[in-house]
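Notes follow once the structure below has been shown.
Please read these numbers as outputs of a predicted model, since none were measured by experiment. Reminder, nothing fancy here: chain letters follow the sequence lines and each chain counts from 1.
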Amino acid sequence: MLLAKRSTRRIPTDKIFKIIATVSGVYVLAVIGLIVFQLYSESHLVWEHEGLGFIIGAEWNAVEGRESFGAAPYIMGTLVTAGLAMAMGVPVSIGIAMFISQAPKFIAGPLSIVIDLLAAVPSIIYGFWGLLVFREFLLYNIEYPLHDTFGEIIWLFSSAPFGLDIFSASIILAIMIIPTISAVSREIMMAVPHMQKEAAYMLGATKWEMFKIAIFPYAKTGLIGAAILGLGRAVGETMAVTMLIGNATGPNAFPQTLFQPGQTMSSIIANEFIEASPASLHLPALIGIGFTLLLVAIAINIVAHLLVSRMLKVKEGVINA
Amino acid sequence: MMQSSIQKRAEYRALFKHNVRGRLVVDKIAMGIVLGCVVIAIIPLGSILLEVFKNGIAAISVEFLTQVPGAVGSGTGGIGPAIQGTLIIIGMSSLIGIPIGVMSGIFLAEFGDNKLGRTVRFFNDVFMEFPSIVLGIFAFLTIVLLLGHFSLWAGAFALSLIMFPIVARTTEESLKLVPLTYREAGLALGLRQWVVTFKIILSAAKSGMITGILLAVARISGETAPLIMTVLGSSQFFAGFDSPMDALPLRIWRLSLLPYDSAQLQGWGAACVLIMIILAINIGVRYYFATKSSAKSRLFYRVMGGRRK
């Protein structure tokens, strides 16, 4: 029947099909281009008004007539929280990946599912839990002891802890990026050829030595890529950080100690976007922060994907997005 | 395989000196640390699930699930509009995101073996990691400012941007798993390529695609940041696609900002509903995958023309 239909009607359906598919494929490129263009053009007022001061200034004043916008504390806040989260999260994630790649199937299977579920829990629930449960635990068991013992010696712990600060935001971030990094690292460690591992064992290596001489050197690039992928996620993470970082503005938000309230690029957007008037410079300033955040995230992710895809031709980790 | 040079062999020999006991101790310590990492990661998940269910169950009742929110701080009312809003937004963004994602996945799998395809695939992966709040700003600039008011459409558009790259990549991966012979068999019957793609390949790749779609739905149902500047939140039930609307994550955020114990309790309730939706999707998908071998054989028969009812 289909053959008969084809001989009578000669609509080039295959061509149309290919065009529709291609347009849908190119959609992502168009959207990325449009986002970059829109965010730049809507924020260019503030770039004109502040110039380079927008990146390096620290004043944040939305009062009409005295408007001044400098995003440096928030950029630093993002970098510091993401950096601390990486310092805590990456070793743990690699440890988890090592465990899963070595464990027998009946442990590795369920454990992978648990780690994936950790990735599925939405940011807002991490934030809510962090605010109501984790904050108290952290405050009384870690922050006060650290402050009381080292407060006068080490400046990092000098300010009075309150629970809503850079430290707690970083820990929540670390918890949130662990699933991402460990899922990708697991894939990468699995991709190391068996011959390499067997060769190491055959030389008499213990498990740890096998990791050291066979897996880590082979998987180095991919593991770095996985870590950077986690960094990209930490930089863009919004809700949990917004709820825990304490939301300081202006020069006070500049990160100096661990136990002081801070602010990140994404959290200030979440906090102030709705209140900002489109007529003033406030909204362009927030969009400008969004633009900066976007550029940072794009740069991080491009590097990460280049590193990871060199290791894995097909990255199954995308399913865990 | 790489041959090891003399220097390399000397290096390995240095690693394996005769101090076996010391090496075994180091190995045990390393294993202990690795196990510790696993425990550290599981504790937060356990604590979150425990607290959410323990506190959330206490808050949930029929009124809580169906009523509009009561006066601020009174602890009365419920999260009816939020649940309704989340479901509507998921539906609307799926309506936009799934067709684009599936077609884009078809493009990547069937026509993507060239420079354009590789570019699209790469930027698709990069786009998937875009900060969601930036997508919210984008939807705000393109839709909210254009229409002049906050609306469901803006929220759905923002979430569809999160959704379609995930759907595209999972579609591509599952289409690639369908053997080339299926395509050849279809084409040999004289079917056109789009008929082959839609009727044969998509149905053979169904389970993988459904997984991708469901995981994308689970992902967007918890998204908060892009909703702040698009659907805004409201305490009324659905009032048209052009008006603001509430959503579960937004409601949790608003409740977390209130200083009342009753608001916290309601927040736990909303969090419990949200996490149940998301976990149900995630665990369901995994269960579906675990039992897919029998489904696959059925698909095989259907695709290859064997009618086995």
Straight-line distance of A/T180 OG1 to B/E129 CD, nearest 0.5 Å = 7.5 Å

query = Looking at A/S93, A/G232, A/A120, A/A297, which one has more heavy-atom pairs under 4.5 Å with chain B than the rest?
reply = A/A120

query = Once you round to the nearest 0.5 Å, how far does CD1 of A/I287 lie from CG of B/L141?
reply = 4.5 Å

ask   = In Å, rounded to the nearest 0.5 Å, how long is the span from OH of A/Y27 to CG of B/N124?
value = 12.0 Å

query = Quick one: are B/V134 and A/F291 in side-chain contact, heavy atoms under 4.5 Å?
reply = no

inquiry  = To check you understand the geometry: which heavy-atom pair defines the closest contact between A/I96 and B/A41, and what is its length?
reply    = CD1-CB, 3.3 Å

ask   = Pick from A/I125, A/V235, A/T238: which one has the most heavy-atom pairs with chain B under 4.5 Å?
value = A/I125

task = Assess whether side-chain contact (heavy atoms from CB on, under 4.5 Å) is satisfied between B/L45 and A/I115, documenting all intermediate values.
result = CA-CA 9 Å; B/L45 182 70; A/I115 300 291; over 6 Å; no

key: chain A contact via B/E51 - side chain, backbone, both or neither, heavy atoms under 4.5 Å   = side chain

note = Pair count under 4.5 Å, heavy atoms only, with chain A: among B/T142, B/I40, B/V52, B/I29, highest is B/T142

CA sep, side-chain torsions, deciding dist, call: B/L24, A/T206, side-chain contact (heavy atoms from CB on, under 4.5 Å) = CA-CA 7 Å; B/L24 283 178; A/T206 61; 3.9 Å; yes

message = Measuring from atom CD1 of A/I35 to atom CZ of B/F138, what distance do you get when rounded to the nearest 0.5 angstrom?
response = 5.0 Å

request  = List the steps, then state whether side-chain contact (heavy atoms from CB on, under 4.5 Å) holds for A/I274 with B/L232.
outcome  = CA-CA 8 Å; A/I274 287 304; B/L232 190 66; 3.7 Å; yes

inquiry  = Below 4.5 Å, heavy-atom pairs only: which of B/P44, B/S221, B/A216, B/G36 has the largest tally toward chain A?
reply    = B/P44

remark   = Bottom line for A/L29: the part with an atom under 4.5 Å from chain B's heavy atoms is side chain

query = B/I100, B/I48, B/V26: which one forms the most heavy-atom pairs within less than 4.5 Å of chain A?
reply = B/I48

inquiry  = Report which part of A/I175 has an atom under 4.5 Å of a heavy atom belonging to chain B: side chain, backbone, both, or neither.
reply    = side chain

ask   = Based on non-hydrogen pairs under 4.5 Å, which of A/L34, A/V26, A/I300 is most in contact with chain B?
value = A/L34

ask   = Does a side-chain heavy-atom distance below 4.5 Å link B/W268 with A/L132?
value = yes

remark   = When every non-hydrogen atom of A/F128 is compared with those of B/Q264, the smallest separation belongs to CZ-O, 3.7 Å

message = Among B/L145, B/N55, B/T197, which residue has the highest count of heavy-atom pairs closer than 4.5 Å to chain A?
response = B/T197

inquiry  = Using a 4.5 angstrom heavy-atom cutoff, name the option from A/E237, A/M98, A/K207, A/Q102 with the most pairs to chain B.
reply    = A/K207

message = If we define contacts as heavy-atom pairs under 4.5 Å, which of A/I178, A/L117, A/L286, A/L131 has the most with chain B?
response = A/L117

request  = Could you give me the CA-CA distance, side-chain angles and deciding distance for A/V23 and B/M103, then say whether side-chain contact (heavy atoms from CB on, under 4.5 Å) is met?
outcome  = CA-CA 9 Å; A/V23 167; B/M103 286 309 286; over 6 Å; no

key: Expected output: side-chain A/D14 to main-chain B/R192 donor-acceptor under 3.5 Å   = no

message = Looking at A/W208, is its backbone amide N or carbonyl O close enough to the side chain of B/D27 to form a donor-acceptor pair, meaning the two atoms are under 3.5 Å apart?
response = yes

key: Test item: B/I133 and A/L293 side chains (from C-beta on) under 4.5 Å apart, heavy atoms   = yes

inquiry  = Counting only non-hydrogen atoms closer than 4.5 Å, does A/P179 touch chain B with its backbone (N, CA, C, O), its side chain (CB onward), both, or neither?
reply    = neither

ask   = Among A/V114, A/I269, A/I289, which residue forms the greatest number of heavy-atom pairs with chain B at distances under 4.5 Å?
value = A/I269

task = Work out which heavy atom in A/G236 is nearest to a heavy atom in B/P131; give both atom names and the distance.
result = CA-CB, 3.7 Å

inquiry  = Is it true that, when you exclude B/F122 itself, more than 12 heavy atoms of the residues, nucleotides or ligands shown sit nearer than 6.0 Å to its CZ?
reply    = yes

query = Side chain, backbone, both or neither: which part of B/L279 has a heavy atom under 4.5 Å from chain A?
reply = side chain

For chain A, the option from B/F111, B/F198, B/F127 that forms the most heavy-atom pairs under 4.5 Å = B/F111

message = Under 4.5 Å from any heavy atom of chain B, what part of A/L283 do you find: side chain, backbone, both or neither?
response = side chain

Interatomic distance, B/R251 atom CZ to A/I124 atom CD1 [nearest 0.5 angstrom] = 12.0 Å

ask   = Does any heavy atom of chain B fall under 4.5 Å from the side chain of A/A270, the backbone, both, or neither of them?
value = both

note = Separation between CD1 (B/I228) and CE (A/M239), nearest 0.5 Å, reads 4.0 Å

query = Looking only at heavy atoms, what is the nearest atom pair of A/T22 and B/F107, with distance?
reply = CA-CD1, 3.5 Å

